[in-house]
S.K.: 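Would you mind keeping the following structure in view while I ask a few things?
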Amino acid sequence: MSPLQGKSALVTGGAERIGRAIALALAAAGARVAITYLHSERAARSLVRDLERQHVNATALKCDVCNPADVRKAAKRVLHEFGGLDVLVNNAGFYESALLESLTPQQWDRMFHTNTRGPFLVAQALAPALRERKGRIINLGSLGGVRPWSSHAHYCVSKAALHMLTLVMAKALAPAIAVNAVAPGMIETGGKTSARQLAELAAKTPLRRNGSPAEVAEAVLFFATASHFITGQILCVDGGLGLAT
Ligand SMILES: NC(=O)c1ccc[n+]([C@@H]2O[C@H](COP(=O)([O-])OP(=O)(O)OC[C@H]3O[C@@H](n4cnc5c(N)ncnc54)[C@H](OP(=O)(O)O)[C@@H]3O)[C@@H](O)[C@H]2O)c1
């Protein structure tokens with residue numbers, strides 16, 4: 001019933017939306033949960049209070065995943081509080097639309113800093129601790145890392161790079177650490193996407209709807225609890241949208 005009882009997990013960017021759902025799912029499976037936040041301090045504190053009310057050992061840390069010093073400090077604090085780490089979920093990410101011909105180098109770099117360099121820095125800082133516990137790393141990729149979306153070149157390429165980083169880390173950190181990625185399709189998180197766009201994407205999706213944060217969290221929980229023999233996999237959670245686009 002509690003497959004993660006006695007285990008510790010860290011979810012980057014875990015205060016809201018998909019990251020919050022992942023933190024809740026890991027906690028419901030019995031894990032102690034640390035989340036990082038950048039701007040969403042209130043939401044992060046509120047999630048920690050909710051988890052503590054459910055008798056979950058939880059903590060929130062401010063951390064810019066693009067900043068190596070910040071990442072090292074957060075890693076040290078998590079390890080100090082939990083005494084080790086079993087599951088790292090690289091969830092923090094950035095998303096925006098931009099036409100290829102007007103995309104600036106600054107937009108390109110920001111995207112890569114957050115979506116590719118961030119997960120690399122966090123995984124590198126925590127790999128020694130994860131190795132000690134025969135742990136797992138789960139990266140949040142994207143269907144956009146598998147399919148080319150013409151108004152999201154920098155996003156798609158950053159997520160494709162993260163998928164490759166997942167494969168490289170699965171090999172480089174073996175045999176101690178299993179590394180996989182969950183690649184969501186269109187997930188309704190109450191973000192900026194208009195109701196019309198959401199309806200259009202749902203209509204294109206073979207399962208005729210968009211996904212929920214809880215459905216992405218289920219896939220993360222799968223990799224957090226499945227056989228350690230499963231590594232180097234990219235699991236799309238997209239209702240079949242990738243088949244149709
Ligand atoms: N939503 C979707 O449909 C969808 C589809 C495919 C893939 N994904 C991926 O799934 C993950 C979660 O999706 P989401 O929509 O819930 O993401 P999101 O809200 O866009 O981002 C998650 C969190 O990342 C944090 N973050 C951004 N830049 C950061 C930085 N430099 N350092 C530290 N934290 C940073 C933010 O934390 P603060 O709020 O604290 O600043 C934000 O709350 C992301 O990796 C996303 O790319 C989502």
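We count ligands from 1, going down the list as the structure has it; atoms in each ligand are counted the same way.
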S.K.: Can you tell which of His113, Arg17, Arg110 gets a heavy atom nearest to atom 17 (O) of ligand 1?
M.R.: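 Among His113, Arg17, Arg110, the closest heavy atom to atom 17 (O) of ligand 1 comes from Arg17.
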S.K.: Select the closest option to atom 39 (O) of ligand 1 among Gly19, Ser40, Ser142, judged by heavy-atom distance.
M.R.: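 Among Gly19, Ser40, Ser142, the closest heavy atom to atom 39 (O) of ligand 1 belongs to Ser40.
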S.K.: Which option out of Gly93, Ala92, Gly13 puts a heavy atom nearest to atom 21 (O) of ligand 1?
M.R.: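 Answer by nearest heavy atom: Gly93.
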S.K.: How far is atom 32 (N) of ligand 1 from its nearest protein heavy atom, and which residue and atom name does that atom have?
M.R.: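 Looking at atom 32 (N) of ligand 1, the protein heavy atom closest to it is Val65 N, 2.9 Å.
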S.K.: Can you list everything that forms a salt bridge (Lys or Arg N to Asp or Glu O under 4.0 Å) with Arg49? Sequence neighbours excluded, please.
M.R.: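 Checked Arg49 against salt bridge (Lys or Arg N to Asp or Glu O under 4.0 Å); zero matches.
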S.K.: Tell me whether Phe94 has any N or O atom under 3.5 angstrom from an N or O of ligand 1.
M.R.: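 In this structure, Phe94 places no N or O atom under 3.5 Å from an N or O of ligand 1.
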S.K.: Report the relative orientation of the aromatic rings in His152 and Tyr155; use parallel for angles under 30°, tilted for 30 to 60°, perpendicular for over 60°.
M.R.: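 Answer is perpendicular, since the angle exceeds 60°.
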S.K.: Please write down residue, atom name and distance for the protein heavy atom closest to atom 2 (C) of ligand 1.
M.R.: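 Nearest protein contact, heavy atoms only, for atom 2 (C) of ligand 1 is Ile187 CB, 3.8 Å.
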S.K.: So is Gly118 in contact with ligand 1, going by heavy-atom distances below 4.0 Å?
M.R.: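 Contact absent.
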S.K.: Which ligand 1 atoms, with their elements, are less than 4.0 angstrom from a heavy-atom of Cys63?
M.R.: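 Numbered from 1, ligand 1 contributes 32 (N), 33 (C).
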S.K.: Answer side chain, backbone, both or neither: which part of Lys159 comes under 4.0 Å from ligand 1, heavy atoms only.
M.R.: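 Side chain only.
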S.K.: With a 4.0 Å cut-off on heavy atoms, is Gly141 in contact with ligand 1?
M.R.: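 Contact present.
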S.K.: Measuring from atom 11 (C) of ligand 1, which candidate in Leu38, Asp238, Asn91, Asn210 has the nearest non-hydrogen atom?
M.R.: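 The residue whose heavy atom sits nearest atom 11 (C) of ligand 1 is Asn91.
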S.K.: Quick one: side chains of residues 19-33, donor-acceptor pairs under 3.5 Å with protein atoms, not counting sequence neighbours, listed by atom name and distance.
M.R.:
| residue | atom | partner | partner atom | Å |
| --- | --- | --- | --- | --- |
| Arg20 | NH2 | Asp50 | OD2 | 3.1 |
| Arg32 | NE | Ser8 | OG | 2.9 |
| Arg32 | NH2 | Gly6 | O | 3.3 |
| Arg32 | NH2 | Ser8 | OG | 3.1 |

S.K.: How long is the gap from CG on Asp109 to OG on Ser158, to the nearest 0.5 Å?
M.R.: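 Rounded to the nearest 0.5 Å, the CG-OG separation comes out at 11.5 Å.
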